[in-house]
Each structure stands twice: as structure tokens, then as C-alpha cells.
Amino acid sequence: MSYQENIYKVTKAIPKGRVTTYGAIADFLALGSARMVGWALNNCHTFGDVPAHRVVNRKGELTGRLQFPTPTIMQERLEAEGIKVIKHKVVEFEDRFWHPSEDLKQKNFGA
DNA sequence: ACCGTGACGTGTC
DNA sequence: TGACACGCCACGG
């Protein structure tokens, strides 16, 4: 079980219509560095389907959009879930924000 | 083994 | 508030 798989598990656990941050995932998994989350998500295509579009930086900006097959995929998928994106930023980000500890405890994660 | 790089975050200026 | 520097950790050259 690599730490990357944990990152993917958390990412897959993000509720539809909500978003979280690299830092929140790193904090929940005690990785010590949010960069690891970005790095792992950059290679997520090799691990199957991961809703990486729901992970943004601490300001709610879609900083990872350029890593998708096309730069518009991330925004399109978010908007398809009801999340408004303006100027590459999630609208009402603080209200859309979801922290792993908010929900994973009831999903028996890591047990 | 050393150095640079990166889908990040926090602290300063 | 915005720009910059620095710390962070894994990976490739």
C-alpha cells in the first residue's frame, strides 16, 4: 500500500459537488508535504479513475487544469457537478470546501 | 550522492 | 493585497 493509493482513496471519497485542497489531503494523511499530493495526482492516470478535478489549491484555484488531457476538462467536470468556476477559481470556495475528516470517519477509511 | 523541479502552503516585505 | 522567499518531500537526471 503506497501513500499514493491513500491519496487516491481520499480523492475518490470527495463528495460530488464538493472540492478539497492538496493541503487538506496531505494533512489528513500526515504526508508532511502538499507537493506529494500534486505529484501523486499527476500520475493518477496510471491508477485508474480518480476524480482529480475535485482537488484545488488553498485559494480554490484550478492550478492543475493544465495537467489534464485538455485545459478545460477540469472546469467542465466541476461545472457538471454544479460547481461554478470563474477565472479558474471555484465560486464560493469556502462553502464548497470539504475536509477528509468530515466524512471519511463514517466510510471506515484506512481500517 | 548532489541538484533541480513540481497539480503546494505559510510567513514576510 | 500582491509578489517573493523559503520549507516541504519524492523523483529523475
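What you are looking at is a predicted structure, and each value in this text was computed from that prediction instead of being measured. Lettering of chains follows the sequences in order, A, B, ..., and the numbering in each one begins at 1.
Straight-line distance from the CG atom of A/Leu66 to the C1' atom of B/dG6: 13 Å, rounded to whole Å. Rounding to whole angstrom units, OH of residue A/Tyr22 and P of B/dG9 are separated by 8 Å. In this structure, NE2 of A/His99 is placed 12 Å from P of B/dG9, rounded to the nearest angstrom. Atom pair A/Ile7:CD1 and B/dG6:P shows a separation of 19 Å (rounding to whole Å applied). For A/Lys59 and B/dA7, the NZ to P distance is 15 Å, given to the nearest whole Å.
Within the nucleic acid shown, A/Ala40 has no heavy atom closer than 4.0 Å to any nucleic acid atom. Within 4.0 Å of A/Asn57, counting heavy atoms only, lie sugar-phosphate atoms of the nucleic acid but no base atom.
For the P atom pair drawn from B/dG4 and C/dA5, the interatomic distance equals 16 Å after rounding to whole Å.
Under the 3.5 Å distance criterion, the side-chain polar atoms of A/Thr20 are left unmatched by any main-chain donor or acceptor of A/His99. Distance alone, capped at 3.5 Å, places no donor-acceptor pair between the A/Arg65 side chain and the A/Pro71 backbone.
Side-chain atoms of A/Gln75 and A/His53 form no donor-acceptor pair, as typed in the model, at a separation below 3.5 Å.
Using a 4.0 Å cut-off between a side-chain N of Lys or Arg and a carboxylate O of Asp or Glu, A/Glu92 and A/Lys84 do not qualify as a salt bridge.
Considering only side-chain N and O atoms, A/Arg65 lies nowhere under 4.0 angstrom from the phosphate OP1 or OP2 of B/dA7.
The salt bridge (Lys or Arg N to Asp or Glu O under 4.0 Å) test applied to A/Arg96 returns no partner, not counting sequence neighbours. In terms of the salt bridge (Lys or Arg N to Asp or Glu O under 4.0 Å) criterion, A/Glu79 has no residue partners (sequence neighbours excluded). Residues satisfying the side chain to side chain donor-acceptor pair (under 3.5 Å) test with A/Thr46, not counting sequence neighbours, are none.
Within a 6.0 Å radius of NZ in A/Lys12, more than 12 heavy atoms belonging to other residues, nucleotides or ligands are found.
Scanning residues 68-90 of chain A for heavy-atom distances under 4.0 Å to DNA chain B yields A/Phe68.
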Atom pairs, N/O to N/O, protein against nucleotides 9-13 of chain C, distance under 3.5 Å?
from	atom 1	to	atom 2	distance (Å)
C/dA10	O3'	A/Tyr3	OH	3.2

Give every donor-acceptor pair under 3.5 Å between a side-chain atom in residues 38-45 of chain A and any protein atom, sequence neighbours left out.
from	atom 1	to	atom 2	distance (Å)
A/Asn43	ND2	A/Trp39	O	3.2

